[in-house]
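Note sheet for the following structure.
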Amino acid sequence: MPFAINETMGQYSELFMLLAAGTYTVAFIAFAWDLAKSSKALRAIDLKAAEVAGTKVPAMAGAGASAGSAAAAGNVAADRVDSHLAGPVGRAERPSSSVAKRGGDASGAGQTADADMRYAAERRVPARVAVALTVLGVLIHAAGVITRAVGAGRVPWGNMYEFLTTGAFVAVAVFLLVLIRRDLRFLGTFVVGLAIIMLVAASVAYWTPVGHLVPALQSYWLIIHVSIAVLSSALFTLTFAMSALQLVQSHRQKTVAAGGADKLGFMRLVPSALSLENLSYRINAIAFIGWTFTLMFGAIWAEKAWGRFWGWDTKEVWTFVIWVVYAGYLHARATRGWTGTRAAWLSIVGYLCVVFNFTIVNQFFNGLHSYSGL
């Protein structure tokens, strides 16, 4: 009878995971719609401002326009930003004419606003719908994780399927928690998209039926060690998305500054490359502390399970490699002046190491940590 109950809970868990993936998919579409709609609204504002000023709209509105024309257009554009774009003031990029109004020229046309990313009066319906759907999705996702735990009679991260589904849940939950203080909805498309990929990969490639753990994993250290690893990986997922956007935004800003056409209009809803870099650095610092504890607690657990703290197992080596990469990233940026694209690439390399450790190492390298259940 207990086996039947466990199997039933496992089936409920899979159903919840499927519903969560479906809800996330709709939220992903809503986030993408918000970026497209807001970008189109910004372009319309630029066109209207240019029409009032009696000038033609350049490749990047405001680039090459005279200071007097830009200032005149700014009187219209600045008044229309809140009513038409209805986005957070001071985070999303305002039309170049608004920049001109504040500073007297249009040289900042390719830049976004400040680094605060705070909320303001807004009416961006698609973004609010997307967040609401994401909240619904994470609640359904939580039900899937909980029913998996009940069915297994333990914490739900004993194999690759469970680690992936729980990791996706934590990544989205952390994203929503950060949204309370910072307006990071521009990350929604990327974070929710990654969560969908993780859930699909878990169901298609790593599905494992509910079952008991091998003896080495039947320890309270599983809760301590793996929970911190999951949380750290979730934070690294956020910074990966920020670093990727930072590279795109940096390239866009350089192109616009050089007088090129702005072909990435949706990036005007994303903060400047510098703002993304600063926030990514702070989150990476927190995640690095968590990964340090992951490494330490893993060594303690290894001593209790196998009688040694370190044995150069492939999983142990790659966990240390990840630690070294992120330590190098923090050190290089803080003391060696590695900022901008170099810092972003280091952050991305660190996350790729996390992905490699979870996928390739778990599947193709035999060792004491081969608990994938494949």
Side-chain angles (χ1 to χ4, degrees), residues 6-34 126-180 184-211 222-223 226-241 283 287 290 351 354-355 358-359 372-373:
N6 292 347
E7 187 177 11
T8 300
M9 296 303 290
Q11 293 173 350
Y12 280 134
S13 175
E14 293 170 19
L15 177 60
F16 283 131
M17 295 298 179
L18 180 62
L19 291 175
T23 306
Y24 286 151
T25 301
V26 181
F28 174 85
I29 295 172
F31 276 122
W33 180 27
D34 173 59
R128 297 174 66 180
V129 170
V131 172
L133 287 170
T134 306
V135 172
L136 176 61
V138 85
L139 292 176
I140 299 173
H141 199 163
V145 172
I146 293 172
T147 50
R148 178 78 180 193
V150 173
R154 53 173 172 76
V155 291
W157 47 75
N159 50 59
M160 290 182 67
Y161 171 83
E162 294 174 355
F163 188 93
L164 204 55
T165 53
T166 304
F169 165 73
V170 174
V172 178
V174 169
F175 168 67
L176 292 175
L177 288 175
V178 176
L179 279 183
I180 297 175
L184 301 183
R185 290 176 299 180
F186 61 89
L187 279 179
T189 304
F190 306 93
V191 174
V192 174
L194 285 172
I196 294 171
I197 292 173
M198 293 167 74
L199 287 175
V200 171
S203 300
V204 174
Y206 303 125
W207 180 83
T208 306
V210 175
L222 174 68
I223 301 174
V226 182
S227 61
I228 298 176
V230 170
L231 180 58
S232 300
S233 299
L235 293 175
F236 286 144
T237 299
L238 290 181
T239 58
F240 165 74
I283 296 177
Y351 188 74
V354 172
V355 174
F358 176 74
T359 56
S372 64

Drop me the distance from Y351's OH to L238's CG, to the nearest 0.5 angstrom.
-> 9.0 Å
Check for a donor-acceptor pair, side chain of T208 on one end and backbone N or O of E162 on the other, with a separation under 3.5 Å.
-> no
Closest non-hydrogen contact found for A32 with T189 is N-OG1, 3.6 Å
Of the non-hydrogen atoms in M9 and G151, which two are nearest, and what is the gap between them?
-> CB-CA, 3.6 Å
Quick one: pull up CG in L19 and CD1 in I140 and give me the separation to the nearest 0.5 Å.
-> 5.5 Å
Any donor-acceptor pair under 3.5 Å linking the side chain of W157 with the backbone of G167?
-> no
Would a distance-only check, ignoring hydrogens and angles, find a side-chain to backbone donor-acceptor pair under 3.5 Å from S13 to G144?
-> yes
Please tell me if the side chains of T166 and R148 come closer than 4.5 Å, counting only heavy atoms from C-beta onward.
-> no
Nearest-0.5 Å distance that lies between atom OG1 in T237 and atom CG in L187 | 11.5 Å
Any donor-acceptor pair under 3.5 Å from S203 side chain to V200 backbone = no
With distance as the sole test, does T239 use its side chain to make a donor-acceptor pair with the main-chain N or O of F236 at under 3.5 Å?
-> yes
Here the gap from F28 atom CZ to W33 atom CH2, rounded to the nearest 0.5 Å, amounts to 15.0 Å
Non-hydrogen atoms of A202 and T165 that approach each other most closely | CB-CG2, 3.7 Å
Just how far is it from atom CZ of F169 to atom CE of M198, taken to the nearest 0.5 Å?
-> 12.0 Å
Beyond-backbone contact of Y161 with M17, side-chain heavy atoms, under 4.5 angstrom = yes
Report the C-alpha distance between F186 and L184 in whole Å, list the side-chain angles of each, state the deciding distance to 0.1 Å, and finish with yes or no for side-chain contact (heavy atoms from CB on, under 4.5 Å).
-> CA-CA 5 Å; F186 61 89; L184 301 183; 3.7 Å; yes
Side-chain contact, heavy-atom cut-off 4.5 Å: L176 with L179?
-> yes
If every non-hydrogen atom of G137 is compared with every non-hydrogen atom of A20, which pair is closest and at what distance?
-> O-CB, 3.8 Å
Hey, what's the ring geometry for Y206 with F358, parallel, tilted or perpendicular (30° and 60° as the breaks)?
-> perpendicular
Among V131, T134, V191, the one residue meeting side-chain contact (heavy atoms from CB on, under 4.5 Å) with R185 | V131
Rounded to the nearest 0.5 Å, how far does CE of M160 lie from OG1 of T359?
-> 6.5 Å
Do V138 and Y24 come within less than 4.5 Å of each other through their side chains, counting heavy atoms only?
-> yes
Which pair of non-hydrogen atoms, one from S232 and one from A287, has the smallest distance, and what is that distance?
-> OG-O, 3.6 Å
Of all heavy-atom pairs between F190 and A241, which one has the smallest distance, and what is that distance?
-> CB-CB, 4.1 Å
Considering only heavy atoms from C-beta outward, does the side chain of F240 approach that of L194 to under 4.5 Å?
-> yes
